[in-house]
Each structure stands twice: as C-alpha cells, then as structure tokens.
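Structure record follows, encoded as structure tokens.
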Amino acid sequence: MVTDHPETFHNQGPTTVNRMADLTMPLTPAAGLFTANEAKVTARDVTVHYGEKQALFGVSIDIPERSVTAFIGPSGCGKSTFLRCINRMNDTIPICRVAGEIRIDGADIYDRRLDPVLLRARVGMVFQKPNPFPKSIYENVAYGPRIHGTTTSRQELDEVVETSLRKAGLWDEVKDRLDQPGTGLSGGQQQRLCIARAIAVGPEVILMDEPCSALDPIATARIEELIFELARNFTIVIVTHSMQQAARVSQQTAFFHLGHLVEYGATEQIFTAPSDTRTQDYITGRFG
Amino acid sequence: MIALYFVLMAIVAVAAFTVGAARGRRLQAAGLRLHSLPAYHGLFLAALCTVPMMVAIAAWAPLAPRYVESSAIAALPEAARPTTGLERDARLREIVLSAEGRLTGPAAANVEAAGRAYLSAQTTSKTVLIIAGILAALAAFSWGLPRVSADFRARNRFETFTLVVLIACSAVAVLTTLGIVSSVLFETLRFFQRYPWWDFLFGLQWSPQTAIRADQVGASGSFGAVPLFVGTSLIMVIAMLVAGPIGLFSAIYMSEYATPRFRSLAKPLLEVLAGIPTVVFGFFAALTVAPFIRRAGEALGLSVASESALAAGLVMGVMIIPFVSSLSDDVINAVPQSLRDGSYAMGSTKAETIKRVILPAALPGIVSAFMLAISRAVGETMIVVMAAGLAGNLTFNPLEAVTTVTVQIKTLLTGDQEFDSAKTLSAFALGFVLFFFTLTLNVIALRIVRKYREQYD
Ligand SMILES: Nc1ncnc2c1ncn2[C@@H]1O[C@H](COP(=O)(O)OP(=O)(O)OP(=O)(O)O)[C@@H](O)[C@H]1O
Ligand SMILES: [Mg+2]
C-alpha cells in the first residue's frame, strides 16, 4: 500500500502534461531539478500518538533534496502531525509520542544526543497563519541570526536581512520601512516575511503548513512562485488543501488518509494515474 | 412603604413583560411575521412602565422631606415657629423625636401636635408617591400596549433603553469621582489659604502639631511634606524591588514552565496572599520582620531603628506580589501560541523565546500590572503605621524610621479634631497630592500601553 520507492519516479521526468497545471500558469520544473536528487529526509515506520489516540500509522517516505514535496489529504489525516515530526515541533506538545525513525542526511533526528533546538535551525517552518513577531520588519528577519549568533557585525546582519527579504520577494516592498512593525503588513506580505525569517537562519529544509490558506489568490500566486524559486536551494515540504497548488508547485505528492500514507509518487503520476482508488476519489473531489 | 414601592415596581415589570410577550406571541400565532421576537415586546413594555416609576421616586425623594418638614412647622402655633435656620433644625429634631415617641421628658402640647402633623404628612407623601407611581405605570402601559404590533421595532427600542441605562451607570461612576476630587480639591485650596503651597510642597520639615493656646511652644505647625514624599517613595521602591522580580518571574514560571496541574494549585494559593488583611501583614512586619532586621543589622554592626522603612517595604512587597504575578500571568498567557511556535520553529530555546518574543509582546500588560502594584503600595497605610513609624525623618536610609503620606493622613484625621485647623486641612492637601501621583502613574501606564499597541497590533 505504501509506495516508498522514490527510484520508481526519479527517472520519469516531467513528460506528461499536467492535467491540473493547465488551469493556471504551468510551473513545470526543469528536467534536471529532481531527477538526480538524493533523499534529504527519510522516514521509516513513523507512528505518532496523542495520548491514547493514534494519529499516524507507520509512515515511510523519502523526500528528495532541492525539490518541492506536497502532502495532501482530507482534514485530520495527519499531514501537520507528520510535518511537525520532521523538525520535532511535536516535542512542544506534552501528550505527543513519536516512534519510528526519521533521518536527515542519514542522521537520526530523534537521537538522544541531538539537540532539537539545533535541528530546528536546519529545518525551518512556515505556519498556516502568518505569525510575525510583534517587532519591526528588520528585527523579525534578524531574529534567527541573532539567536544563533551567525553574524558577527551589524553590517553582516544587514546583509543577511536584505538577502533573505530579497529571496522572499519582499525586499522592494519593505526596504524603506524596515523599522516598522511586521504586524502592519498585509497578510500575504506577512507570510513572505515569515518565509524570509525562516530563510535567514539558513535552513536546509523548509516545512510549510498550508502557507497560503489565509491568503487571497494574488498573494497565493506570489508565494507559489517563491516556493518554486526556493526549491533551487532548499528542500521544501508543503501541506496543502488545494489540489491545483500541489499540482502547480510540487514535484512529488504524498496522499495521506486516516493516518496512513496511502500513495506517494511524482506529482504528474499522482494526479494523472493514481494507483489507489482512495487517491483517485480524493483528487477528483469525491470525498474530502 | 418605600420597600413596598420597589416591590410594586418589580411586580409591574414582570406583569408588563408577561403581557407584552404574550401579545407578541399571539400575533405570531396569528401568522404574522414580527419584526422583533415576542420577548423583546415584553422587555420593551417592562422598561416603558418601570422608567416612569423610577422618575416618580427620583422626583419624590428630595421633595418629600421638605413637604413633611414644612407641614410639621406649620402645625406649630404662630408664636412658637422658629425664626432662624438653627432654631428650625432644633425644633424639627424635637418634633421628630416626639413623633417617634423617643422624646425624654414631657413634650409641650404644640410639639406633640406638630409631631402628629409630621407623621400624617409623611403618610400622605408616601401614599401620593405610590398612587403617582401606579398611575404613571398605567399610563405608560396603556400607551405602550397598542404599539405591540408586527412592525413595531421593540428590539431596537429596547437597545436604546439598554444604552441609556449603561450611560447612566457610567455617569454615576464618573460623577462620583468628580465629586470626590472636587471636595478634596476644595479643602486643599482652603489649606493653601492658611499655609503657602510652596512651603508645603518643598518644605523639609514635617511637624503638624499646632498649639492649642497661642502661647504654647511650637505654636505654628510646620507642614513641609518632602519627608513624607521621600518616605513614601523609599518604601515603594523597596516594595517594588521585592514584588517586581518575584512576581514577574513566578508569573513566567507558572505560565510557561509549570504543568497545568501545578499551576491550578499554585495560582489560587498565591492569590490568597492578596486576601490577607493588611493589618495582619502589619503585625507580621512589626513583630517578626522588623526585629529580625534589627538583629541582623546589629550582627553586621549597623544601627537599625526598631521601626524601619526596610521592614515595611519588604512586607509590603510580599503583599503586592500577587498583583504583579497574577496579572502578568494572565497577559503572558494571552500571548498567542503561534508566536511561541514561530520562535521555537526557528530553533530558539524556551528562555530565548520568553525573553525576545513573549515578554515584549506582553509588555503593555506587564507594565499595567506594575503600575497597579505601585498604586497599591503608595496607598497602603496599615503596614507602614505598624512597621515604619510616624517620625517625619527626611532620610534615604532604609534602616531608619520614616513615615508616609497615607500614615500622616490617618494620624491627622483620627481623634478629636477641629475641622478647619491647618492641621486637619493639611490632610486633604496630602490626599490631593497622593491622588495626583496615582493619576500621573495611571496616565503614564496608559501611554506606554497605547504606544506598544500602536506598534504591535
Ligand atoms: N495537539 C494535539 N492534541 C491531540 N490531538 C491532536 C493534536 N494535534 C492533532 N491531533 C489529532 O491528530 C490527528 C491528525 O491531526 P493533524 O493536525 O495532523 O491533521 P491535518 O491532516 O493537518 O488536518 P488539517 O488538514 O485539518 O490541518 C487529528 O485527528 C487530530 O485530532
Ligand atoms: Mg494541519
């Protein structure tokens, strides 16, 4: 049932025309983008309990580096739960227990000797609702470099802030008002600020949990473009409820249902020729 | 009789509500679509009928005594009628006592007659009130009942009524404050007619004993209030040094680190501190803390007065811990979880998150918690009376006895006093200064809160 054999689609290439993508701008990735990519995150048999309630059942998946992987599935199926396992944010929930194995670059992230705080510097996260800190735009982006001490001078920090804001496509809009509160930006700008904030720490993986669900279509399109851009340098995992979004931005798609990873493969394949009837039902909107 | 009036008012309200709502329901049953739900028609009628009754009693309350008194005086024979206001008051007292049968000694015949007139006038006035009230309610009712119809906007009318009631309540609160402030202000001005205000505000000598006879020593008191201000500030600073860190840090622990179980146990316990009467804190300060500090000081070779600012400040600090901790705990809890998640997800530790994200976000609330605690410390009297003494020393040394503004007000106004000596009036001036200080503090706190509001959300 679980198709965790990335090699089956690694060599496919984006030859088929995406059924969904023609609805909007087709962001078809360059052929070389994921064909040669190695697995960045590997999960084996991950099981999660909230107290007595089991939320994930033996999830195994390989997420290739420098590409976008989308998690789709009906509400409550465990997408966020699995996402939060990858940067150990579940540790902040007292009743949550995680079993199984997750490796990043081959290193077990649930190893006792590993500091979750350092892990989260390598695995950034963007949330469903934009959550800028009640600080200035500059301070929001400088937050990560400051706590990790990655910059030594004010000048260097300025540079990091500027590059991060540029990468997040926000620089031109805010460069004249860096000292104004981040909470004063529009929703879409706030979300890009949160992305800039995550980039500034210099992560390898960026997890996004429904990053566009609070945004209008134009702001959403901006973010999607940005995600596509970011995939050149980062490994991106995105949870989304929008089938079109998954089709537009991702190279791999994983379908979750009732805590199980039902199907995982190249996005084109999932959307054109799903092998599981549940996947088929879900993407054609028969249940959700 | 007056109690009867209020019972009547309640009955009228319930009856009007029932009738109005029933009529609304009948309309509904007849297949009409009402603009407002039947209950609103009931509420509208109830409000409509009780308001005139309230107006009636409000008008009656000041008028009735006048009518009753003048009819009692009128019952006296021409010759026995009082001519001066003072005489009138005395006569009336006599008449009232006789009417209530509490007059000791034999009453003059005309006083007894006047007493009877007094009683009958009282009955008349109350009867008039009740009849007027019922008539007013009936008039309102018969005006209002036909209005209950499908289109009648009872819901909006009742909304207006609610608004008026709310405005009236806030007006009472505001007017009371204004009244208190103006009476204090008035007495303060009287004090400054006798004593120059700059000597009061900037004088360094506080000895309010004025002489009873003109030739006594120290015939003129000295009202330089600076020692009191210094004493108050000294104790306030000590108290805040205790309550600030302890209160804030315990709030952080409780809201960020403690398990929910521990928190639900510890928080009420801490709040018990706020419920202990200040006089208990006072004798704790005087009998336990002050001697302890004295002994500890002597062991270190310091000279410590048996009543010291330190003892009072420490105990006061303990007293106001719950003000700081409980309020800060609430505002820290109100910081959205998404900010914490955002910070953790960037790889910051709990302490970094608290220091850099949570505390700045909660700052306005924390500032107001501190301000509230300071106002409390400045206004506190009992602990200082018992533990810091009465001596108006001008000193910044926490080991000496000092006195505070509130303690002096209490000392000046207790016991037998003539009410227009400089000594008593100076208490009002002190009260005014204290009020002004707390007001300033509140304004500053509001400013800070507003500044951060604008900036942050
Ligand atoms: N903090 C928590 N405590 C207890 N149960 C939780 C918690 N978070 C999630 N769950 C449960 O775990 C299951 C999976 O939740 P999860 O949030 O991962 O779903 P999701 O796929 O992200 O849904 P959505 O699309 O609505 O965001 C749900 O049944 C949910 O009730
Ligand atoms: Mg979710």
Side-chain angles (χ1 to χ4, degrees), chain A residues 80 83-84 86-95 115-136 139-150 179-184 190 193-194 196-203 205-209 214, chain B residues 248 251-266 328 330-369 445 447-457:
Chain A
S80 302
L83 201 68
R84 292 163 61 91
I86 302 176
N87 65 346
R88 293 188 60 177
M89 276 297 279
N90 281 330
D91 292 16
T92 61
I93 302 172
I95 57 166
D115 181 1
V117 167
L118 290 182
L119 170 72
R120 289 183 202 133
R122 292 171 56 204
V123 184
M125 189 165 197
V126 176
F127 295 81
Q128 178 169 3
K129 238 184 97 215
N131 57 349
F133 299 132
K135 299 172 181 294
S136 70
E139 285 301 323
N140 260 286
V141 183
Y143 184 85
R146 277 198 210 280
I147 54 171
H148 295 294
T150 45
D179 55 342
Q180 281 173 27
T183 42
Q190 286 188 15
L193 178 62
C194 292
R197 189 175 74 180
I199 295 172
V201 186
V205 182
I206 301 178
L207 310 173
M208 300 186 173
D209 195 346
Chain B
L248 184 58
I252 291 175
Y253 174 72
M254 292 234 260
S255 55
E256 294 296 315
Y257 290 94
T259 61
R261 249 179 72 95
F262 177 81
R263 183 163 183 267
S264 65
L265 232 101
S328 306
D330 289 345
V331 293
I332 290 176
N333 258 315
V335 172
Q337 180 64 30
S338 67
L339 290 184
R340 293 186 184 91
D341 286 345
S343 177
Y344 295 145
M346 296 181 65
S348 50
T349 61
K350 211 156 189 172
E352 285 163 350
T353 303
I354 291 167
K355 197 178 93 196
R356 290 170 178 265
V357 176
I358 297 178
L359 289 186
L363 190 67
I366 294 175
V367 168
S368 26
R447 275 278 166 81
I448 295 177
V449 170
R450 197 167 311 142
K451 180 165 172 259
Y452 282 93
R453 280 261 164 76
E454 275 167 8
Q455 215 170 323
Y456 288 158
D457 43 56

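In what follows, chains carry the letters A, B, and so on, assigned in the order in which the sequence lines appear, proteins first and then strands, with residues in each chain numbered from 1.
- The most heavy-atom pairs under 4.5 Å with chain A, out of B:T349, B:V335, B:D341, come from B:D341.
- Counting only heavy atoms from C-beta outward, the side chains of A:Y143 and B:S348 approach each other to under 4.5 Å.
- The distance from atom CG of B:L339 to atom NZ of A:K135, rounded to the nearest 0.5 Å, is 10.0 Å.
- Atom CG of A:N131 sits about 12.0 Å away from atom CZ of B:R340, to the nearest 0.5 Å.
- Here the closest heavy-atom approach between residue A:H148 and residue B:M346 is recorded as NE2-O, 2.8 Å.
- Heavy atoms of A:R122 lying under 4.5 Å from chain B are absent altogether.
- Of the atoms belonging to A:I147, heavy atoms from both backbone and side chain fall under 4.5 Å from chain B.
- Neither the backbone nor the side chain of A:V126 has a heavy atom closer than 4.5 Å to any heavy atom of chain B.
- Within the model, atoms CD of B:Q337 and CZ of A:F127 stand 9.5 Å from one another, a figure rounded to the nearest 0.5 Å.
- In this structure, chain A has no heavy atom under 4.5 Å from any part of B:T259.
- Atom NZ of A:K129 is surrounded by 12 or fewer heavy atoms from other residues, nucleotides or ligands within 6.0 Å.
- Contact annotation: the side chain of A:P116 never approaches that of B:Y344 to less than 4.5 Å [non-hydrogen atoms, C-beta and beyond].
- Contacts between A:P203 and chain B at a heavy-atom distance below 4.5 Å are absent for every atom of the residue.
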